[in-house]
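Okay, so here's the structure we're looking at.
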Amino acid sequence: MFVSPMSTKPKYRKRAYEQSNADPVQSLSNSVSDIENPHKKSLLCTATNTETHSIKKNGCSEEVDIWSMKQNNCDTIYLSDESDLFEDDQDCLIEKFTGMKYELTSGVTSESCRNDSKNKNISQIESSIKTCNASPRISCENIDVHDSNNSSEMKANISLINKTVSLKEKLKNKLKQNAATATTTFFLDKEEEMKEKALQQARIEASQIRKEGTSVDIGSFFGLPSKVEQLFETNRGIKKLYDWQVECLQLKAVQERKNLIYSLPTSGGKTLVAEILIMKELLCYQRDCMLILPFVSIVQEKVQIISEFANELDFIVEEYAGSKGRFPPTKRQKKKSLYIATIEKAHSIVNSLIESNRIYCLGLVVVDELHMIGEGNSRGATLESTLLKILTVKCATQIIGMSATLNNIKDLQTFLQAEVYSNDFRPVTLQEYIKVEDNIFKVNSKALDEDGLLEHERILTFPYTKEITQEDPDHLLGLVTEVIPEKSCLIFCATKKNCENVALLLSKLMCNHQRHLLEVNKDKRRQLLRELQQDGEGKLCPVLEYTVHFGIAYHHSGLTMDERRLIEEAYTSGVLCLLTCTSTLAAGVNLPAKRVILRSPYIGSSFIKFNQYKQMIGRAGRAGIDTSGESILIINSKDKMKVKKLLESPQDHCHSSLGYESGKGIKFFLLSAIGLKIVSTTKEAFEVMKKSLLHIQSLERDIEINSATAEALQFLLDTKLVAQTKSLDIVTLEEIFSLQVTQLGKATFKGSIDHAISCRLYEDLSQAKESLNLTSHLHLIYLVTPYDLAGVITPDWTIYFKQFCKLSDLEMKAAEIIGVPESYIGLKASGQTSRKKVCQTTLHRFYLALMLWQLWNQKSIWEVATNFSQTRGFLQNLLSQSASFASCVFHFCQELEDLWAYQDLLSNFVKKLAYCVTSELLPLMEIPGIKLARAKQLYAAGYQNVTLIAAADIPHLTACVPYLSKRSAKQIISAAKNVVEEKKAALLEEMETLVIVST
């Protein structure tokens, strides 16, 4: 059996060269002379206590030493006892110092032994180097022998394979000759030369081991300390990894830190693998990491979750979403950072790290939902641009992408130069059903033809009265009561309004026909309503107020983040057993159910796509609770053929988004690439575009990449974002067209401003600085209201005029300066037309600015939503996007000297806009996951700053803050500790920098 280097220490054996009295110099010099001989043969070597080495063949033996092996062209030593390799505290260096390979008779080769021994501490190699330096007999260094009373005699029995008998006499004579030969100056010089070469080679190999990271493991849990494994069990309840997770973590690509894409169905456990790899990068390789997530809400949730690990494992979590994030990130000498970012913020992080020459600090980038690169909009283009820059600068940053199953994943593999791991694993089995009228059909995915795709399963025979049938023609009540309240159910609806209507419908039907459901978790549901009311500052949604009593709630973007959080926690704990939701829940939140019902094969007015369908039904089946899950798609007879095509269709394709809107993504990428000096000439611009996913797919999509690149460059030149100069290469006499960003171009890419609006933004800011109204913050709020949201809002002119009239005289003057006349709005409100020309974008932006203005003035989100007939979720999203855009405008102004005034005006304004709270609550709002209602509760309970919360204990916090669960309290305390550590580290870095400068 193989004896591990980590096994219990065996009895001590001295090295052969320490006991031998033979002159080593001749042996050494002769052995060295043949190290590189390509025609060496093999010997079978067994350690003994004799001075010489016996060569055996057909029962005969002659004596020979290691030098003789070299002289006779032997390149492999066969060691009969595996344990001889590792019975000493030092690595087996036979191959390293003699150039000879060794092979155990059991089949273990020097290559496999070397791989196993890499996990040993580097100090063992260095110890071997020192021992080698102290002894002249390098050639036989690793043949271990037992202690002997006769220290002058040492022998090794060696069986020589395929050697003639005449050779034995030569070997014997040569051995005697070596023992009698006097040491010469030549051999001494040769000895020192080879000794130095051997030492140098060992140092190189030790350095290579460090570089490859094979010795960075600091524990037994995939190289991580066992404490990480314990934290996963304590915080997540994860006691054992799935087989595919173990297999993926042990992939050669992972061990060698190559780029990797792994693809599995929804709910397969992809995130856990990413988190383990992130922690290994932070703790073992000691390099920063970045996790890219698709939505702000998911970023905030993940920051809270990972903060619990960060406090225990001594690293820092930084949130990059909305207005949060520092560019470039704080450089830390000790603790490493995990940046959890949205797609847009991740792009800015990479830009700032490249510009500050710190991209090498970023060891790992993990992309969740990698297939979003093919969304076909600015987000997909931004994600591809981010990854393309990392690949282009060759910074040794590893990229790992998690993806849904795709039909063209090879394109992504080529683009990222990555390995691909795919698995169809699901923790529980999933059975799909289709409901057509009263019939339930089972989906047979293995059917050979279309006729066998749908197998009739049963006819629904729920005891429906005529009245119930009219109210519920889709039999939703019967389908959900087969599952709830013992198990959970999700109903996906086409629109947000439909979610609320279905929740109300089912609640009313249960009130009339299933009243016993009112008694299930009665007290806990009432407590949930109290918490929702508390978070709503005394206001409660009337739909939720009615449906929660039956264990039902709706879930969509119209809810505030606090409301969604409370509903998700109640559903996870079993207080709620049914959610009606939109498709965004499937993409952003992990809330599994026993049964998933798709109310319609449409999302909005569009027929569902294959990946959308798979993502939604993927929520069926709760790992660790159910052994199976089931999905039911409700359709009309007219859609049956469409659904069959959907079920038979291949996986969706992921296409590059750089070409969206006539190459807008290409212009976006090239502008920042030129600004960061990744591209400095037109020739380099064409070359870098050939590394893009768009180029890989250009033939398939009939795109001429050179033409698209030329058009993008011409646009940047025409809009004065980029300047071009011509020069002559004195060597090749070729014309060189150099590219560099203008000051406006630099401000555009550093501020992450859409190049399509950068000129408009510059004009608006330039005009405003001449007549900026600072009697209130209304003018500033207008200037940072996002342009893109103005295109999706349609003002209600009656509401517009009513709210406009509530402005003070000074505020109306600001509106007039902006370009929004009261007379025009009044005419529109009365249904009349105006001959006066007013910019519609300005009107729409000011309408949004009025909403923000009321939030700024501490009006509740409920009141503002009522005033403007908007959902609470829309207003919260408006506030978040405006704060993010304000941050972008601030960075934009920093690069333009003529806009210097805005730098001071916006620095504090941005943070206050992000939360719209009083100054005393601002510190509490910095804690991830804390919203206004919770901040007020904490402040009232005496927790008035982050430090006090970080020092709090869970029992006291839950006792002081109404309706705060232990789990939420733990997350709040962990997040507060992380904020304190982040600030502490930033101050220490600043202090060390000052010390360095002063010295």
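Computed over heavy atoms, backbone and side chain alike; hydrogens, waters and symmetry mates excluded.
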When you compare the side chains of [X] and [Y], does any donor N or O come within less than 3.5 Å of an acceptor on the partner?
X	Y	result
T560	E563	yes
E437	N439	no
Q937	R934	yes
D411	N408	yes
S628	K594	yes
Y613	N611	no

Any cation-pi pair here, K270 with Y262, using under 6.0 Å and within 45°?
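Judged by the rule, K270 and Y262 form no cation-pi pair.
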Can you see whether F550 has K508 sitting over its ring - NZ or CZ less than 6.0 Å from the centre and within 45° of the normal?
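Relative to the ring axis of F550, which defines the angle, K508 lies outside at least one limit.
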Can you tell me which residue among N498, D474, T495 is in a side chain to side chain donor-acceptor pair (under 3.5 Å) with R599?
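Looking at N498, D474, T495, the match for R599 under the side chain to side chain donor-acceptor pair (under 3.5 Å) is D474.
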Using a 6.0 Å cut-off, check whether atom CZ of R236 has over 12 heavy atoms from anything other than its own residue.
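Yes, enclosed.
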Stepwise ring-ring contact (aromatic ring centres under 6.0 Å, His included) check, F425 with Y242
CA-CA 9 Å; F425 170 81; Y242 297 128; 4.7 Å; yes
Within the side chain of D796, is there an N or O that forms a donor-acceptor pair under 3.5 Å with the backbone of I799?
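Yes, because the side chain of D796 sits within donor-acceptor range (under 3.5 Å) of the backbone of I799.
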Testing L578, T580, L509, I634 one by one against L476 for a side-chain contact (heavy atoms from CB on, under 4.5 Å), which residue passes?
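By the side-chain contact (heavy atoms from CB on, under 4.5 Å) criterion, L476 pairs with just one of L578, T580, L509, I634: I634.
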The single option from I635, L633, L479 passing side-chain contact (heavy atoms from CB on, under 4.5 Å) against K435:
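For K435, the side-chain contact (heavy atoms from CB on, under 4.5 Å) test succeeds with only one of I635, L633, L479, which is L479.
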Taking all non-hydrogen atoms of both residues, which atom of F232 and which atom of I276 are closest, and how far apart?
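Closest approach of F232 to I276, heavy atoms only: CE1-CG1, 4.0 Å.
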Does the plane of the ring in Y421 sit parallel, tilted or perpendicular to the ring in W244? Use 30° and 60° as the thresholds.
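Y421 vs W244 ring planes: parallel.
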